[in-house]
Every structure is written in structure tokens, then in C-alpha cells.
K.L.:
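One structure, pasted below without further comment.
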Amino acid sequence: MDNRILVTGGAGFIGSHTVVELIEAGFEPIIIDNFSNSYPFIISNLEKITGKKIKYYEVDCNDQPALEKVFEKEENINGVIHFAAFKAVGESVEQPLKYYRNNVASVITLLEVMAKYNVENLVFSSSCTVYGEPDELPVMEDSLVKLANSPYGNTKQVCEEILKDYVSSNALLKAIALRYFNPIGAHPSSLIGELPIGKPNNLIPFITQTAIGIRSELTVFGDNYETPDGSCIRDYIHVVDLAKAHVKAIIYANKQETRSFYDIFNVGTGQGNSVFEIIKAFNEASGTTLNYKIGPKRDGDVTQVYGDVSKSLKLLEWKTEKSLLDSLRDAWNWQKHLEKQNYGI
Ligand code: UFG
């Protein structure tokens, strides 16, 4: 297959790790990012990790003329991995139009531009949030999609529907939606990782910021859920494993011999861990003792979700290689790296 892959949101958390894995697999990634939730220094760090010059464009995926210019200039693009999106659940409740504009309209723009330039392979970032509070565990790709409980979750559902309808119209498109579980960790080089702006919403950056002293303590959101230890259960996957799934997915899409193709894959470890288990494992991985207290439940949190990943194993020929301890150690090393390095953020 031609090896040039456009990576929108390529300076972001999952996007940057995917750029590394694409290069390791012999692809030439070209980044598009508007740096609204990421930083240009990530590009230089990607060059340090890979030893390659990386092409990038500061472009917003909603800016159709600018996007077209990239496709015009970069000939022979074989596929697109579309990460660029907003992802804060709470913010999406306060600013729904911002989320629909950025996450949904950009997919439509991208599909139109891809059609114009005959680019037929697409990998789209979806989320296990589409399963809501599942009736059965582990969730399978054909488990019921529940009513979304936030505009953010809804953007993921709507985009999946857009891809399905578009492919049903016999469009020239081979698309794969990857439903991520909870991505955590960082690159083992400690040169790229998660960079939340302000107070983190997500568990692991909150834990590492507490351990390093930026926050005084973690609040565990609820200890009276119906789970063995009372805290919520999630499927935490190392971001490098998740990144590798994108490489497999773009290869799989390209391999399909039909004109129109759409499929969905769960990308997780298949294992659930509770918040208390994460704290215990973090203490072990970091050699520190985390300060935490118990607080009330957070609105919108599901009790537990973890995925069945046998479809990805079988069809994408992908599997996770890293453990929970690897993830937490790498997240901790990344936090320590940020502390030492002055990136001006
Ligand atoms: N948690 C705490 N304290 C915190 C932060 C989180 O106890 O300060 C708990 C949450 O209650 C939850 C678990 O840690 O049980 C994980 O929470 P995250 O916010 O890290 O992740 P979520 O599972 O809520 O959300 C993630 C992604 C979303 C995606 C969702 C799908 O961040 O983008 O999974 O379930 F939509």
C-alpha cells in the first residue's frame, strides 16, 4: 500500500503515539493539527523519538479550503486517521454547539475532501462511551448503543452513524471506527504523553499530578457502586497499544477489496480495573503513596465498562502487549519528565 497517511490531531495524546507507531511500521505520517489542545513542541519530540523529519500543517479540520490545500499539495495520500476532536465530557454539556461543530461538522468536511481527492481509507476515533451503562459485560461491538449522556458522547454516536450511512450510499470509502476504552500511559521515552490543560478530568493525570505535588489529593468519585470494592471499573489500555491498533486498522481498511466498507472494533484490554485497584497499582509502579479521599459520585459516570476485544484480535491481528503496571510507570515517568523540562506550559 502507498505509505502516506494523514493524521489529524497528530500532536494530541493518542495521535502523537500513533505517529510514532506509523513510522515504526514503515508509513509516512503527515500531521494536521490546529494546536487547540496540543503543543508544537510535541512535533519536535516526535522527531527525537523517531529520528525522522515530520511534516505537519497547522490547519483546522473545519477549514475546508485549508484542508483541500493539504490534499492538493500532498499527493498520493493513502488514508486518513482522524483524531482531531474535543473530548471533555463536562465542557460538552456547557458548550454543545462547540462540540457538534468541531467533532461532527469536521467529519463531514473531511469526508467531502477525501472524496474530492479519491482518498478511500479512514480510521475514526470512537469511544466505549457509546455503550453507556451496559446491560452485559464485556461489551461486544454489537452490544446495544445507548442514548448518549453528553453531547460529547453524542458526537461519537452521530459520527459513527454518518460513516455507516455514507458507506451504505456506495461511496468510495473504507472506514473503520475504533471504540477506545480508557487510554492511559505515555511513550516509554517520556517525550510524549497526555497533556491536560488546567485541572485534569481524567483519573491518571490527576493521580500523577497529585503524586508530584501539583494537586493535594485525589478524590475518588464514589465508593458505594455495585462493584467488589465499591469504586467504578474501567478498561485501561496503554496508549502505545492503542496507537498500534490504528496501524493495524488502516492496513485492514486498505486490504478490503470492496468500494465501500465500514466496520467497528473495540480497542481495550478486555480487563476491568477499579479506581482503588488503580491507586494500589500506581503506588507499586511509582514507589509513592498517593493521597486520596472519598467523594460523591460524579454525574454521568457508569458503574463499569470493559470490552470484549476478540474481534480486533482476530480480524485486525492486534493484541495488547503492555500491562497496567507498564502504563502507570510510563505515565509517572512522563509526569516527572514534565516537571524537569520547561516546555513553557
Ligand atoms: N475518577 C475519580 N477521580 C477523578 C477522576 C476520575 O475517581 O478525579 C474515576 C471516575 O469516576 C471513573 C474513573 O476514574 O470511574 C475513570 O474516569 P476518567 O475521567 O479517567 O475516564 P472516564 O471513564 O470517565 O472517561 C473516559 C474518556 C472519555 C470517554 C469515556 C467513555 O475520558 O472520553 O471514557 O467511558 F467518553
Side-chain angles (χ1 to χ4, degrees), residues 9 12-15 37 83 85-93 99 102-103 125-134 137-139 143 145-160 177-185 194-211 214-239 242 266-269 272-282 290-307 324 327-328 331:
F13 177 39
I14 309 171
N37 197 13
F83 293 102
F86 292 145
K87 58 177 184 181
V89 176
E91 185 188 54
S92 79
V93 176
Y99 273 69
N102 194 52
N103 294 9
S125 308
S126 190
S127 165
C128 69
T129 192
V130 303
Y131 297 117
E133 183 79 67
L137 285 164
V139 285
S143 294
V145 165
K146 296 284 185 67
L147 211 59
N149 64 4
S150 71
Y152 161 76
N154 211 16
T155 65
K156 294 298 173 191
Q157 293 190 5
V158 171
C159 287
E160 285 194 3
L178 298 182
R179 288 181 178 158
Y180 311 155
F181 287 77
N182 288 49
I184 61 166
E194 202 168 357
L195 276 169
I197 292 173
K199 193 171 163 190
N201 294 312
N202 296 115
L203 180 64
I204 305 306
F206 207 106
I207 287 180
T208 58
Q209 288 194 7
T210 304
I214 300 173
R215 318 259 154 220
S216 57
E217 61 186 353
L218 169 80
T219 302
V220 175
F221 296 142
D223 69 345
N224 56 353
Y225 282 95
E226 277 182 32
T227 57
D229 67 19
S231 65
C232 290
I233 292 176
R234 297 285 182 276
D235 182 339
Y236 295 93
I237 175 169
H238 196 296
V239 64
L242 177 56
N266 281 343
V267 190
T269 65
N273 284 105
S274 73
V275 177
F276 289 128
E277 283 171 344
I278 295 292
I279 295 173
K280 188 162 171 275
F282 178 78
L290 191 79
N291 268 338
Y292 70 89
K293 65 170 186 204
I294 311 297
K297 289 181 176 176
R298 178 171 70 176
D299 276 353
D301 269 344
V302 301
T303 303
Q304 52 179 331
V305 62
Y306 50 93
L324 180 62
S327 301
L328 295 170

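The first residue of the sequence shown is numbered 1, and numbering continues consecutively from there. Whatever order the structure lists them in is the order used to number ligands and atoms, beginning at 1. Only this structure's heavy atoms are used, side chains among them; waters, hydrogens and symmetry mates stay out. All of these numbers come straight from a predicted model, not from anything done at the bench.
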K.L.:
Return the residue, atom name and 0.1 Å-rounded distance of the protein heavy atom closest to atom 3 (N) of ligand 1.
P.N.:
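That would be T219 O, 2.8 Å.
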
K.L.:
Would you find a donor on one side and an acceptor on the other, under 3.5 Å apart, between the side chain of Q157 and the backbone of L147?
P.N.:
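Pair absent, no side-chain N/O of Q157 close to backbone of L147.
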
K.L.:
With atoms numbered from 1 as shown, which atoms in ligand 1 lie under 4.0 angstrom from a non-hydrogen atom of T129?
P.N.:
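Heavy-atom distances to T129 below 4.0 Å select 31 (C), 36 (F).
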
K.L.:
Could you pull out the closest heavy-atom pair between Y131 and R179, with the gap in Å?
P.N.:
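For Y131 versus R179, the nearest heavy atoms are OH-NH1, 3.0 Å.
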
K.L.:
Below 4.0 Å, non-hydrogen atoms only: which portion of L218 touches ligand 1? Side chain, backbone, both or neither.
P.N.:
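Near ligand 1, L218 shows its side chain, while the N, CA, C and O stay back.
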
K.L.:
Test your reading of the model: is there a side-chain donor-acceptor pair from Y99 to the backbone of A88, 3.5 Å cut-off?
P.N.:
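Pair found, side chain donor or acceptor close to backbone of A88.
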
K.L.:
Output yes when the distance from some N or O of ligand 1 to some N or O of S127 is under 3.5 Å, and no in every other case.
P.N.:
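Checking ligand 1 against S127, no N or O pair falls under 3.5 Å apart.
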
K.L.:
Within less than 4.0 angstrom of ligand 1, does Y236 place any heavy atom?
P.N.:
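True for this residue.
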
K.L.:
What protein heavy atom lies closest to atom 32 (O) of ligand 1? Include the residue and the distance to one decimal.
P.N.:
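Atom 32 (O) of ligand 1 sits closest to the protein heavy atom N202 ND2, 2.8 Å.
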
K.L.:
In the protein, which heavy atom is nearest to atom 36 (F) of ligand 1, and how far is it?
P.N.:
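Protein heavy atom with the smallest distance to atom 36 (F) of ligand 1: Y152 CE2, 3.1 Å.
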
K.L.:
Closer than 4.0 angstrom: is that true for some heavy atom of V305 and an atom of ligand 1?
P.N.:
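The answer is no: ligand 1 sits nowhere under 4.0 Å from a heavy atom of V305.
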
K.L.:
Just distances here: any N/O of F221 and N/O of ligand 1 closer than 3.5 Å?
P.N.:
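Indeed, backbone or side chain, F221 has an N or O that close.
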
K.L.:
Only heavy atoms of C232, strictly under 4.0 Å: list the atoms of ligand 1 that pass.
P.N.:
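Near C232, the atoms of ligand 1 are 15 (O).
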
K.L.:
If you compare all heavy atoms of V305 against all heavy atoms of P134, which two are closest, and at what distance to 0.1 Å?
P.N.:
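So the two residues come closest at CG2-CG, 4.0 Å.
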
K.L.:
Could you tell me the residue and atom name of the protein heavy atom closest to atom 9 (C) of ligand 1, and the distance to it rounded to 0.1 Å?
P.N.:
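Of every protein heavy atom, V275 CG2, 3.8 Å lies nearest to atom 9 (C) of ligand 1.
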
K.L.:
For the backbone of T269 and the side chain of D235, can you confirm whether one donor and one acceptor N or O come within less than 3.5 Å of each other?
P.N.:
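Yes.
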
K.L.:
Considering only non-hydrogen protein atoms, determine which one is nearest to atom 11 (O) of ligand 1 and report residue, atom name and distance to 0.1 Å.
P.N.:
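Result: D301 OD2, 2.6 Å.
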
K.L.:
Counting from 1, what ligand 1 atoms have a heavy atom of C128 closer than 4.0 Å?
P.N.:
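Numbered from 1, ligand 1 contributes 31 (C), 35 (O).
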
K.L.:
Where do V302 and R234 land on the side chain to side chain contact (heavy atoms under 4.5 Å, CB included) test, with the steps shown first?
P.N.:
CA-CA 9 Å; V302 301; R234 297 285 182 276; 3.8 Å; yes

K.L.:
Any idea which heavy atoms bring K293 and T219 closest together, and the distance?
P.N.:
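Of all heavy-atom pairs spanning K293 and T219, the closest is CE-OG1, 3.3 Å.
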
K.L.:
Quick one: does N103's side chain have a donor or acceptor within less than 3.5 Å of a partner on F86's backbone?
P.N.:
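Looks like yes, one N/O pair under 3.5 Å.
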
K.L.:
Tell me, which protein residue and heavy-atom name are nearest atom 17 (O) of ligand 1, and how many Å apart are they?
P.N.:
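It is R298 NH2, 3.3 Å.
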
K.L.:
Heavy-atom contact check, 4.0 Å cutoff: does Y131 meet ligand 1?
P.N.:
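It does not, in that no heavy atom of Y131 comes within the 4.0 Å cut-off of ligand 1.
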
K.L.:
To check you understand the geometry: which heavy-atom pair defines the closest contact between V220 and S231, and what is its length?
P.N.:
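Smallest heavy-atom distance, with atoms named: CG1-CB, 4.5 Å.
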
K.L.:
Ligand 1 and L203, any nitrogen or oxygen pair closer than 3.5 angstrom?
P.N.:
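It does: an N or O of L203 is found under 3.5 Å from an N or O of ligand 1.
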
K.L.:
Is the side chain of N154 donor-acceptor paired with the backbone N or O of A148 at a distance under 3.5 Å, no angle test?
P.N.:
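No; zero donor-acceptor contacts below 3.5 Å.
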
K.L.:
Between the main-chain N or O of S125 and the side-chain N or O of K156, is there a donor-acceptor pair closer than 3.5 Å?
P.N.:
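Yes.
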
K.L.:
Just need the protein heavy atom nearest to atom 34 (O) of ligand 1, so name the residue and atom and give the distance.
P.N.:
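That would be N182 OD1, 3.7 Å.
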
K.L.:
Just to confirm my output: which protein heavy-atom neighbour is closest to atom 23 (O) of ligand 1, and how far is it?
P.N.:
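Going atom by atom, the protein heavy atom closest to atom 23 (O) of ligand 1 ends up being R234 NE, 2.7 Å.
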
